[in-house]
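Below, chains carry the letters A, B, ... as their sequence lines are ordered, and counting in each starts from 1.
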2 protein chains.
Amino acid sequence: MAEILVVDDDPTVREVVVAYLQQAGHETTEAVDGPGAMAAAESSPDLVVLDVMLPGFDGLEVCRRLRATQPDVPIVMLSALGEEEDRIAGLGFGADDYLGKPFSPRELVLRVASLLRRSQPASVGTQTVLTDGDLVLDRSARSVTRAGTALTLTAREFDLLAFLLAHPDEPFSREQLLSEVWGWEFGDLTTVTVHVRRLREKVELEPSQPVRLVTVWGVGYRWDPS
Amino acid sequence: MAEILVVDDDPTVREVVVAYLQQAGHETTEAVDGPGAMAAAESSPDLVVLDVMLPGFDGLEVCRRLRATQPDVPIVMLSALGEEEDRIAGLGFGADDYLGKPFSPRELVLRVASLLRRSQPASVGTQTVLTDGDLVLDRSARSVTRAGTALTLTAREFDLLAFLLAHPDEPFSREQLLSEVWGWEFGDLTTVTVHVRRLREKVELEPSQPVRLVTVWGVGYRWDPS
DNA sequence: GATCCGCCTTACGTAGTCCTTACGGATCGC
DNA sequence: GCGATCCGTAAGGACTACGTAAGGCGGATC
């Protein structure tokens, strides 16, 4: 789901937080102090869970420094105090959410999910409308029209077509497509084959003799613009 | 982007809020109490961020008085309590959104952006009345007619229909609808499903085979104009 | 032209998604 | 305080889309 950096000097807290986040489907990396957190943040995690009290320099400082290099990464602060001033201070330093200890790990997971959902559209900065000849694909509306008439694509078919249209003339192996479109790192390559076949059925005039979604022998598939 | 009036007696809160809003490209003016807020509102800001607890007279009163002179300006209320009763009270007095302290400044910025986005078409054109074919929806009167005859929608059904009519041809996930229409960040997605079903019962000629409020498989729901 | 390997095609079981209905709690009006 | 209405949750069932397998076709290589 997402890669999350958990920063806390207390091994027990780390353990619990990591366990819950992993159960929610996230990948986690850990750090125990300020310098460690900055080093771990090099790998640009999708979200940071940050304790206020830390050895080295504290969480507020980490927060401030993080904002300098990665202004968009969501940060959730944890504090043993749970006082109002700490909250305001934390939020003032650029944190996106705040939880006072003791906190419910379930609540943490929920807030993390909420923040991730919000930060997602900001990171998607790609073109919303892709065209090729009489074909028009709208990513936000998730609609495709051919010569003005709407095509009904399934979710996977749409994602596949959107990816190919975004990278015309470039051949992709089944492995690459499985990774880019499906988000899998391994899996049955036949899956791609079948979906390409189904997509051709809807996009090509003569599916058995494709002219747009062509196969590159020994390599994979490629989108040929008209 | 927009001119925003920030009303809070706590300098720290004002500072943080103003900093975030300005970073988001907004211009800001500030006020520290009820009378000051009314005076500052003379310049007709595009949006007001309003604390509930204020010297002079409180935020609720400001909200009420503002509504008399500027019924359309979006108002976001802040409360140190974050209690349900306050929320109800605030919204009852005419606030458009509500945030309990401590709040995430980023969330505030997001909600401000959301409200501005919503209020924009209202100020540009007469977006209070939405139509589609024989369907007419009046936001101010909260009434809906189909082919001249009135439909009796519940509050939620109306909000759902209004949102969908305002964004035709664009599919929304259950999560998005829950966020936009219900104002929840998490919750049972079945809620959306059931309300869609109920709305179809009143809006579709053949509820089992919808042609206007259609489901987009693997994505969510979409309004298809006739 | 024979053989091999990659690709195509079809069919089918399943998991995931959505629909439907029913029920209990909450809210509002009387 | 009582009934009606609305709302949210739960459970069961139906259907779609998906992924896998298996057999056939067609280039590629020698």
- Query: Is A:Arg198 near enough to C:dT9 that one of its side-chain N or O atoms lies under 4.0 angstrom from OP1 or OP2?
  - Reply: no

- Message: If I take atom CD in residue B:Glu201 and atom C1' in nucleotide C:dT21, what distance separates them, rounded to the nearest angstrom?
- Response: 11 Å

- Query: Side-chain N or O of B:Thr191 less than 4.0 angstrom from OP1 or OP2 on D:dT9?
  - Reply: yes

- Message: Please confirm whether the shortest side-chain N or O distance from B:Trp182 to OP1 or OP2 of D:dC7 is below 4.0 Å.
- Response: no

- Item | 5'-most by nearest nucleotide on DNA chain D - B:Thr154 or B:Thr190 | B:Thr154

- Query: So which nucleotide from C:dC7, D:dT20, C:dT20 ends up closest to the side chain of A:Val194?
  - Reply: D:dT20

- Task: Could you tell me the separation between the CD atom of A:Glu204 and the C1' atom of C:dC8, rounded to a whole number of Å?
- Result: 14 Å

- Would you mind checking if B:Asp134 and B:Arg212 are paired as a salt bridge, meaning a charged N to carboxylate O distance below 4.0 Å? yes

- Message: Distance criterion of 3.5 Å, no angle test: do you see the side chain of B:Arg156 paired donor-to-acceptor with the base of D:dG8?
- Response: no

- Short side-chain N/O contact from B:Arg197 to OP1 or OP2 of C:dT20, under 4.0 Å: yes

- Item | Whole-Å distance separating the CZ atom of A:Phe186 from the C1' atom of D:dG19 | 16 Å

- Give one of base, sugar-phosphate or nothing for B:Arg174, where a contact means two heavy atoms less than 4.0 Å apart. sugar-phosphate

- Does A:Glu170 CD have over 12 foreign heavy atoms under 6.0 Å away? yes

- Task: Run through A:Leu130, A:Thr145, A:Val144, A:Leu165 and flag the one making a side chain to side chain contact (heavy atoms under 4.5 Å, CB included) with A:Val136.
- Result: A:Thr145

- Using a cut-off of 4.0 Å on non-hydrogen atoms, how would the nucleic acid contact of B:Tyr221 be classed: base, sugar-phosphate, or nothing? sugar-phosphate

- Item | NZ/NE/NH1/NH2 to OD/OE distance under 4.0 Å, A:Lys202 and A:Glu157 | yes

- Spacing of B:Asp188 atom CG relative to C:dG25 atom P, expressed in whole Å: 17 Å

- Query: How would you label the contact of A:Gly218 with the nucleic acid (heavy atoms, under 4.0 Å): base, sugar-phosphate, or nothing?
  - Reply: sugar-phosphate

- Query: A:His195 NE2 to D:dC18 C1': how many Å, rounded?
  - Reply: 5 Å

- Message: If the test is side chain to side chain contact (heavy atoms under 4.5 Å, CB included), which one of A:Leu47, A:Val112, A:Ile4, A:Val48 qualifies with A:Pro74?
- Response: A:Leu47

- For A:Arg142 and D:dA17, what is the distance between atoms CZ and P respectively, to the nearest whole Å? 13 Å

- Query: Roughly how many Å is it from CD in A:Gln209 to C1' in D:dG26, rounded to a whole number?
  - Reply: 13 Å

- Task: Would you kindly give the CZ-to-C1' distance between B:Arg200 and C:dT21, to the nearest whole Å?
- Result: 15 Å

